[in-house]
Amino acid sequence: MTKKITRMLALDTSSSSTGWAYFENGVYKASGIIDLKKETDKDVRIQTMLETILGLLTEYKPGIVVAETVAVIRNMQAVRKLCEICGAVRGWCIEYHIFYAEIRPTEWRSQVGIQAKGLKRDDFKRLSKEYAIKKIVNKKDINDDEADACCIGVAYIKMFS
């Protein structure tokens with residue numbers, strides 16, 4: 001009898017630097033970033049980001065995709081682009097009958113123990129990197145977007161295990 005493998009891809013989406021983390025049966029396997037900060041044409045950047053994310057989905061064939069909920073920020077153009085990305089990912093999941101979930105930053109941070117009042121964005125980024133390096137990945141240093149994706153994945157697993 002073969003053991004069923006549950007695959008999950010966690011995403012910290014951005015229009016310029018998306019972090020991703022892949023898990024099998026609740027165990028971290030791989031992570032990385034899609035770094036398009038040098039691409040100045042916004043339309044090209046969004047298309048390339050979507051193509052790359054969809055390529056990851058095709059490569060890893062997850063049964064679960066979990067993404068950070070789009071936060072309402074001051075820059076509405078950025079919010080629209082993030083919504084495009086999340087909408088395309090969700091559409092892919094619908095097309096291939098993949099479970100899609102979103103998790104708020106406060107939820108995933110609480111699950112990994114880095115939620116505290118008075119902290120700023122840079123504090124949260126530093127803490128997620130520290131958590132990911134110490135408890136998830138086998139790397140000496142990672143990008144903060146990659147760390148957030150790893151933490152999102154672990155938090156989602158903790159919520160349902």
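For the numbers below, each heavy atom of this structure counts, side chains included, while hydrogens, waters and symmetry mates do not.
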Could you check whether any side-chain N or O of [X] sits under 3.5 Å from a backbone N or O of [Y], counting only pairs where one atom can act as donor and the other as acceptor?
| X | Y | answer |
| --- | --- | --- |
| K135 | A132 | no |
| S110 | T106 | no |
| R45 | S15 | yes |

Just list the side-chain donor-acceptor pairs under 3.5 Å for residues 153-161, sequence neighbours left out, or say none.
unit_1	atom_1	unit_2	atom_2	d
S161	OG	I157	O	2.9

_A side-chain contact here means heavy atoms from C-beta on lying under 4.5 Å apart; do N143 and D35 qualify?_
no
_Less than 4.5 Å apart, side chain to side chain, heavy atoms only: is that true for E68 and P105?_
yes
Nearest non-hydrogen partners of [X] and [Y], listed with the distance:
| X | Y | result |
| --- | --- | --- |
| A10 | A149 | CB-O, 3.4 Å |
| S128 | D144 | OG-O, 4.2 Å |
| C83 | V70 | SG-CG1, 4.2 Å |
| A21 | F23 | CB-CE1, 3.6 Å |

Honestly curious: do [X] and [Y] fall in one hydrophobic cluster under the side-chain, below-4.5 Å linking rule?
| X | Y | answer |
| --- | --- | --- |
| V112 | Y28 | yes |
| M8 | L56 | no |
| Y100 | L54 | yes |
| Y96 | I53 | yes |
| Y22 | W92 | yes |

*Derivation and outcome, side-chain contact (heavy atoms from CB on, under 4.5 Å), residues M49 and K81*: CA-CA 11 Å; M49 183 63 71; K81 295 301 180 190; over 6 Å; no
*Exercise: do E51 and Q47 side chains pair donor with acceptor under 3.5 Å*: yes
Enter the distance from [X]:[atom1] to [Y]:[atom2] here, rounded to the nearest 0.5 Å.
| X | Y | atom1 | atom2 | result |
| --- | --- | --- | --- | --- |
| I152 | R104 | CD1 | CZ | 13.0 Å |
| I34 | T13 | CD1 | OG1 | 10.0 Å |
| R121 | D123 | CZ | CG | 11.5 Å |
| L82 | R80 | CG | CZ | 12.0 Å |
| E146 | D141 | CD | CG | 9.0 Å |
| D145 | W20 | CG | CH2 | 13.5 Å |

*Any chance you could lay out the side-chain contact (heavy atoms from CB on, under 4.5 Å) test for I46 and E84, step after step, and finish with the verdict?*
CA-CA 8 Å; I46 293 300; E84 282 182 47; 3.8 Å; yes
*Reference residue V89; test side-chain contact (heavy atoms from CB on, under 4.5 Å); the match among I94, I98, L57, T18*: L57
_Under a 4.0 Å threshold between the charged nitrogen and the carboxylate oxygen, would R126 count as salt-bridged to E130?_
yes
*Using the side-chain contact (heavy atoms from CB on, under 4.5 Å) rule, take L127 and L119 through it: C-alpha gap first, then chi angles, then the decisive distance, then the call.*
CA-CA 10 Å; L127 291 170; L119 294 180; 3.6 Å; yes
_The criterion is side-chain contact (heavy atoms from CB on, under 4.5 Å); which residues satisfy it with I5, sequence neighbours excluded?_
R7, E24, N25
_Are more than 12 heavy atoms, taken from residues, nucleotides or ligands other than K139, located less than 6.0 Å from that residue's NZ atom?_
yes
*So W108 and I114, side-chain contact (heavy atoms from CB on, under 4.5 Å) or not? Walk me through it.*
CA-CA 9 Å; W108 69 256; I114 60 171; 4.0 Å; yes
